Novice: 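Okay, handing you the structure first.
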Amino acid sequence: MAGSNINQPLLDQLPKTLQNVDSRRRRLRRLKSAPMPEFVPGEMNDIKDDQSLPRYESILDKLHPSFRKVILYLVIYLTIGTTCFYFVQNQIQGKKVNGVLDSVYFCVVTMTTVGYGDLVPNSATAKLLASFFVFSGMALVGMVLSKGADYLVEKQETLLIKALHKRDKVGPSVILEEIETNKVRYKCFVITATLVVLIVVGTVFLAEVEKLSTIDAFYCVCSTITTLGYGDKSFSTKAGRIFAIFWILTSTLCLAQFFLYVAEFNTERKQKELVQWVLSRKMTNVDLEVADLDNDRIVGAAEFVVYKLKEMGKITQDDVSLLLDEFECLDVDQSGTLSTTDLSLAQSS
């Protein structure tokens, strides 16, 4: 308290303009972006609310809504596909082990576009069904990539960061900040590790159960996850096809997600290089003229931020124009500022 009383006269002697500028800067630094709509705070910790009423939840209730939707669509697709191919199983030639199992296996192989050729439709009806299910299956795979697979990787990413900071005893806010800072990099780490595990598991299984040599097993794994599917090596036993139903779905989606994250990582790296270049280069008089949006020969903090964001490629001139148009519509009294009165008048009109 004594220190603050001593410094108060010094603060009073500062010009009012400097005090106003300093207060504006503090307000700008306090600005935060809008919260992410998909973020669920409960996912970052396991703290339970003791005051909440007891509620019995199933396994599906604990899953993310988008992931539940993916599982539902996948079950519907496999059920309809299995039923259709089961009724035309006599019109599908190849090595068979069980009617229902072969139908599910053929449905998965068709959906993921692996197409070994160990089971092949040999009638007009079976070929039309296969043609329909390959297109609908590819659409479903796209949806799984955009929702389900990304959700699973993000969950593993959170666990990875928690494990890395286990000894530091950091809180959820630090974990969130770490995820946002290196989000794509951690996604690449997680999906790469998952892909390696799937390749090893597939190779070992083919070598032990399907009795393939190590080279042939690895060759079959690579031709499967890349959906190349030569067909000279495939799953031919009952246990092998049960394993293949789950492994093919997971591994093919994992590889597609891997390439997606690698492309995203390269894009982010180039974006960061551009940001670094923008921040390191010196401002010129030409830059000041361009940044001066209201042509008053003075560049304020807001104008400077907008100009730098445009240089970084974060926003475009069209984005700025749209926001300015909205501002002008809300600014009913044309004062250049927004107030509660402006909002009330704009909403009533």
Side-chain angles (χ1 to χ4, degrees), residues 74 78 81-82 85 89 92-121 130 133-134 137-138 140-142 144-145 148-150 152-153 155-157 159-160 163-164 185-266:
L74 185 61
L78 290 177
T82 302
F85 290 125
Q89 59 179 313
I92 298 176
Q93 63 181 8
K95 185 177 180 180
K96 300 177 182 179
V97 294
N98 179 273
V100 177
L101 179 60
D102 291 339
S103 301
V104 180
Y105 170 74
F106 183 74
C107 194
V108 170
V109 170
T110 302
M111 168 190 178
T112 55
T113 68
V114 172
Y116 285 124
D118 50 354
L119 294 175
V120 181
F133 278 99
V134 70
M138 290 176 68
L140 183 60
V141 166
V144 170
L145 282 177
D150 202 33
L152 286 177
V153 171
K155 294 290 287 185
Q156 298 301 317
E157 174 192 2
L159 294 175
L160 172 64
L164 292 175
R185 179 179 298 178
Y186 283 128
K187 281 185 177 181
C188 287
F189 288 158
V190 171
I191 203 69
T192 302
T194 307
L195 188 60
V196 169
V197 170
L198 287 171
I199 290 174
V200 171
V201 169
T203 303
V204 171
F205 183 89
L206 285 166
E208 295 295 326
V209 178
E210 296 289 338
K211 304 304 179 183
L212 299 179
S213 65
T214 306
I215 299 297
D216 287 342
F218 181 72
Y219 161 77
C220 181
V221 165
C222 292
S223 64
T224 300
I225 64 175
T226 56
T227 70
L228 190 58
Y230 285 120
D232 51 342
K233 304 294 179 184
S234 61
F235 297 88
S236 56
T237 65
K238 187 175 181 179
R241 289 189 175 177
I242 293 174
F243 172 80
I245 290 171
F246 300 98
W247 182 82
I248 291 175
L249 271 174
T250 309
S251 58
T252 52
L253 290 176
C254 187
L255 183 65
Q257 200 76 0
F258 169 78
F259 288 124
L260 181 64
Y261 287 152
V262 168
E264 190 178 350
F265 177 76
N266 288 330

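Please read all numbers here as calculations on a predicted model, not as lab measurements. Computation of the quantities below employed the complete heavy-atom set of this structure, encompassing side-chain atoms and omitting hydrogens, waters and symmetry-equivalent molecules.
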Novice: Quick one: list whatever passes side-chain hydrogen bond (donor to acceptor under 3.5 Å, both in side chains) with D232, sequence neighbours left out.
Specialist: Y219

Novice: Counting N and O atoms only, with roles assigned by atom type, does the side chain of K233 sit under 3.5 Å from a partner on the main chain of L206, one being a donor and the other an acceptor?
Specialist: no

Novice: What is the distance from atom CG of L78 to atom CZ of F133, rounded to the nearest 0.5 Å?
Specialist: 9.5 Å

Novice: Which heavy atom in V221 sits nearest to a heavy atom in G202, and how many Å separate them?
Specialist: CG2-C, 3.6 Å

Novice: For T224, which of Y230, Y116, W247 qualifies under side chain to side chain donor-acceptor pair (under 3.5 Å)?
Specialist: Y116

Novice: Compare every heavy atom of L119 with every heavy atom of K96, then report the nearest pair and how far apart it is.
Specialist: CG-CD2, 4.0 Å

Novice: Looking only at heavy atoms, what is the nearest atom pair of V209 and A239, with distance?
Specialist: CG1-CB, 4.2 Å

Novice: Enter the distance from F85:CZ to D102:CG here, rounded to the nearest 0.5 Å.
Specialist: 12.5 Å

Novice: For L255 versus I225, what's the shortest heavy-atom pair and its separation?
Specialist: CD2-O, 3.1 Å

Novice: In Å and rounded to the nearest 0.5 Å, what is the CD1 to OG distance from I199 to S251?
Specialist: 8.5 Å

Novice: Please identify which of these residues, T203, T250, T252, meets the side chain to side chain contact (heavy atoms under 4.5 Å, CB included) condition with L198.
Specialist: T250

Novice: Name the atoms and distances for all side-chain donor-acceptor pairs under 3.5 Å in residues 104-114, with sequence neighbours left out.
Specialist:
| residue | atom | partner | partner atom | Å |
| --- | --- | --- | --- | --- |
| Y105 | OH | D118 | OD2 | 2.7 |
| T110 | OG1 | F106 | O | 2.7 |
| T112 | OG1 | V108 | O | 2.8 |

Novice: Who are the side-chain hydrogen bond (donor to acceptor under 3.5 Å, both in side chains) partners of S236, not counting sequence neighbours?
Specialist: E210

Novice: Where do F235 and V97 land on the side-chain contact (heavy atoms from CB on, under 4.5 Å) test, with the steps shown first?
Specialist: CA-CA 11 Å; F235 297 88; V97 294; over 6 Å; no

Novice: With rounding to the nearest 0.5 Å, note down the distance linking CG in L101 to OG1 in T82.
Specialist: 9.5 Å

Novice: Which pair of heavy atoms, one from S103 and one from G99, lies closest together, and at what distance?
Specialist: OG-O, 2.8 Å

